[in-house]
Amino acid sequence: MRIENREALEQKRAEAKEAMKRPLHRILVCAGTGCLAGGSAGIYDKFKELAAKEEGVEVEFGAEAAHPSMPSGNHKETAHTGVKRSGCHGFCEMGPLVRIEPANYLYVKVKAEDCEEIFEESIRNDRPVERLLYEEDGVKYETQEKIPFYEKQTRLVLKNCGHIDAENIDEYIAVGGYRALEKVLFEMTPEDVVQEISDSDLRGRGGGGFATGYKWKQVARQEEQERYVVCNGDEGDPGAFMDRSVMEGDPHKMLEGMMIAGYAVGAQEGYIYVRAEYPLAISRLKLAIAQANEAGLLGEHILGTEFSFQIHINRGAGAFVCGEGSALTASIEGERGMPRTKPPRTVEQGLFAKPTVLNNVETYANVPMIINEGAAWYHTIGTEGSPGTKAFALTGSVKHTGLIEVPMGTSLKKIVYDIGGGVKNDVPFKAVQIGGPSGGCLVTSDLNVSLDFDSLKKLNAMIGSGGLVVMDENTCMVEVARFFMNFTQNESCGKCVPCREGTKRMLDILEDIVAGKGTMESLQMLEELGEAITNTALCGLGKSAALPVLSTIRNFRGEYLEHVNEKRCRTGTCQALQRYVIKADACKGCSKCARNCPVNAISGKVKEPFTINQAVCIKCGACLENCPFGAIVKES
């Protein structure tokens, strides 16, 4: 039913709230990409089957039609059990996850065969299934909110993810969705909206930290009246999945933010640029757009006002460079995604050469709560220069991986040790790569650094989109630099010489170093090239391409020197620098190692110790595997 005015929206909200309260129990099955990969679709189906068979219990399913095994007449509005598909809960390492409301039990690592026990204990008897509860340091946590991973976060952008049906607009409306849109349409002028966002000091969460309000103000003041709102949902950094989780778990929040931006700058069309590798996000966005159109919250004369706005989805082909604004808009236009020289900037000539507001998913998701709560409230969270929260994808060698959200200015130590639970296997912490290929390394001395835009800039690092890859002492930092440079070089669009040729040359040097062919001149050349690319590349992605290399050289120069001068990798990661050695006192002279060596690098006489010719050895490890006496060892 189309919502024609403000009163109708309030009535719809009241009805939606009542509908959410109606079930005596709600089963929320995580249906984010991570949990789906772990089998949560089968868990959801099993809960539907169990609920449908429950005699005397009326059942409510998610957005899709009634369960095939049920006659349509049994799919009633009044329900005792609601089975829902939610978005990502964030605790990805523990998935698949199932939340039971109203008790708020959170079950971890659930399998389809666990569903009957959960249904029996938690739905019929209101008891937790002890064995499926999260346990840490001998303590079992019955409720999600008490788990340290969640308790030590401040989830605002991610507040609804895992708590509402990701495919049901009514549930978004019930928890306050579209209240901000209603407020701007009936209580605020476009100028008021721009000023509120400016006063909030919201900074773009896509990496650069540019002032959102200033960007909107620049677009609003252009003489050209045809304007666009664009959402960057490309998220190309390795290990980053913050935007994906919002698009999958709370798509209407992002859409609402885009609509408010459209109202503020006088735009009538918006475009979401999503990488094709995010099929679930695309599916959920399409459904959300269709639902909003049907409800009258998107399209012509929204809520009976003069404001009209429509949103389109464009799928990207996975080019990392399309995370850059001008490359992204070129791709939407059907051109090859390549950055252009500036000025003019996107706010002046962006999509279709018209003034364009371009922000990422998380930035737009911040907008509704700023409008609802006010700029002054927003400033009570985070730091003075970087207010609000930031979502991070916490991965790597950390005990608790997943999607987290903390106030800007939270220390790295709190994230790694309090929320992440510390380094895996209690191995000493070594570094965190922050911001993906565009970021830099933070080391032990940086554990107390405030994670905000300005503090990280002083360390020649950047938040980027929010990837945090934790590394322990077993990580080779030279190989880390090579990995990120390989990624950046492969993703270079090739338009400018510094990025096209410079990153290729840096990669060649790094590959020589990990292969044992590096020299002191190699290190000098890396630093000179890195500085040159940073200063002369065309776009922001090129300018930050050398950051992982420069930061690892600065913080771990000793490791580079070991690779170059001693031809040694202390972690044993670089295969070319490994050595297989036969211990003479343990060798029985059986010749089995020599007979299994594919390059005849081992020689000797039977019943006498054999030796390995290091110049011929290809480090395959066949000798180590075949020695029956443990006489062969691998040295780093």
- Only one of Arg315, Glu248, Arg244, Glu235 passes side chain to side chain donor-acceptor pair (under 3.5 Å) with Tyr278; say which it is. Glu235
- Test side chain to side chain donor-acceptor pair (under 3.5 Å) applied to Tyr378 and Thr389, Asn366, Asp201, the passing residue: Asn366
Do any N or O atoms from the side chain of [X] and from the backbone of [Y] form a donor-acceptor pair under 3.5 angstrom?
| X | Y | value |
| --- | --- | --- |
| Glu196 | Ile371 | no |
| Lys390 | Asp452 | no |
| Tyr44 | Ala31 | no |
| Ser308 | His301 | yes |
| Arg203 | Gly385 | yes |
| Tyr364 | Val230 | yes |
| Glu171 | Asp165 | yes |
| Arg275 | Gly316 | no |
| Gln144 | Arg99 | no |
| Thr356 | Leu351 | yes |

Straight-line distance of [X] [atom1] to [Y] [atom2], nearest 0.5 Å:
| X | Y | atom1 | atom2 | answer |
| --- | --- | --- | --- | --- |
| Met338 | Cys322 | CE | SG | 10.5 Å |
| Leu298 | Leu181 | CG | CG | 9.5 Å |
| Ile169 | Ile164 | CD1 | CD1 | 10.5 Å |
| Asp250 | Ser86 | CG | OG | 11.0 Å |
| Phe91 | Thr401 | CZ | OG1 | 8.0 Å |
| Ser386 | Ile381 | OG | CD1 | 13.5 Å |

Tell me the closest heavy-atom pair linking [X] and [Y], and the distance in Å.
| X | Y | value |
| --- | --- | --- |
| Leu538 | Pro339 | CD2-O, 3.7 Å |
| Pro387 | Ser200 | CG-O, 3.2 Å |
| His89 | Gly162 | CE1-O, 3.5 Å |
| Arg26 | His163 | NH2-O, 3.4 Å |
| Thr212 | Asn359 | CG2-OD1, 3.9 Å |
| Glu362 | Ala391 | OE2-N, 2.9 Å |

Could you check whether [Y] and [X], counting side-chain N and O atoms only, form a donor-acceptor pair closer than 3.5 Å?
| X | Y | value |
| --- | --- | --- |
| Thr189 | Asp192 | yes |
| Glu15 | Gln11 | yes |
| Asn293 | Gln310 | yes |

- Decide side-chain contact (heavy atoms from CB on, under 4.5 Å) for Arg284 and Met247; before the verdict, give the C-alpha distance in whole Å, the side-chain angles of both, and the deciding distance to 0.1 Å. CA-CA 7 Å; Arg284 297 250 169 96; Met247 290 186 284; over 6 Å; no
Around atom [atom1] of [X], are there more than 12 heavy atoms from other residues, nucleotides or ligands closer than 6.0 Å?
| X | atom1 | value |
| --- | --- | --- |
| Glu145 | CD | yes |
| Lys159 | NZ | no |
| Glu151 | CD | yes |
| Tyr214 | OH | no |
| Arg2 | CZ | yes |
| Lys183 | NZ | yes |

- Where do Ile3 and Tyr178 land on the side-chain contact (heavy atoms from CB on, under 4.5 Å) test, with the steps shown first? CA-CA 12 Å; Ile3 303 170; Tyr178 292 110; over 6 Å; no
- Take Lys12 and Asp170 through the salt bridge (Lys or Arg N to Asp or Glu O under 4.0 Å) test and state the conclusion after the steps. CA-CA 8 Å; Lys12 180 66 174 177; Asp170 288 356; 3.3 Å; yes
Within-4.5 Å side-chain heavy-atom neighbours: [X] and [Y]:
| X | Y | answer |
| --- | --- | --- |
| Thr395 | Phe241 | yes |
| Thr410 | Thr154 | no |
| Asp234 | Asp243 | no |
| Leu285 | Met254 | yes |
| Ser450 | Thr383 | yes |
| Arg205 | Met408 | yes |
| Phe186 | Thr305 | yes |
| Val406 | Leu451 | no |

- Does Arg6 have any side-chain hydrogen bond (donor to acceptor under 3.5 Å, both in side chains) partners at least two apart in sequence or in another chain, and if so, which? Glu182, Glu187
- Message: Please enumerate all residues that pass side-chain hydrogen bond (donor to acceptor under 3.5 Å, both in side chains) together with Glu324, with sequence neighbours excluded.
- Response: Ser326, Lys342
- Task: Given side-chain hydrogen bond (donor to acceptor under 3.5 Å, both in side chains), test Arg227 with Gln222 step by step and report yes or no.
- Result: CA-CA 9 Å; Arg227 300 156 184 177; Gln222 299 297 319; over 6 Å; no
- Is a salt bridge present between Lys21 and Glu18, judged by a nitrogen-to-oxygen distance below 4.0 Å? no
- Where does the angle between the aromatic ring planes of Tyr172 and His252 fall among parallel (under 30°), tilted (30 to 60°) and perpendicular (over 60°)? parallel
- Evaluate the ring planes of Phe352 and Tyr228, with Trp represented by its six-membered ring, and classify them as parallel (under 30°), tilted (30 to 60°) or perpendicular (over 60°). perpendicular
- Message: Under the criterion side-chain contact (heavy atoms from CB on, under 4.5 Å), I'd like the reasoning laid out for Arg179 against Met369: C-alpha separation, chi angles, the key distance, then a yes or no.
- Response: CA-CA 9 Å; Arg179 190 182 295 280; Met369 62 183 172; over 6 Å; no
- Query: Which is it for Arg345 and Glu348 under the salt bridge (Lys or Arg N to Asp or Glu O under 4.0 Å) test, yes or no, and what are the steps along the way?
  - Reply: CA-CA 5 Å; Arg345 298 194 173 276; Glu348 300 158 339; over 6 Å; no
- Query: So Leu403 and Met242, side-chain contact (heavy atoms from CB on, under 4.5 Å) or not? Walk me through it.
  - Reply: CA-CA 7 Å; Leu403 184 66; Met242 298 73 59; 3.5 Å; yes
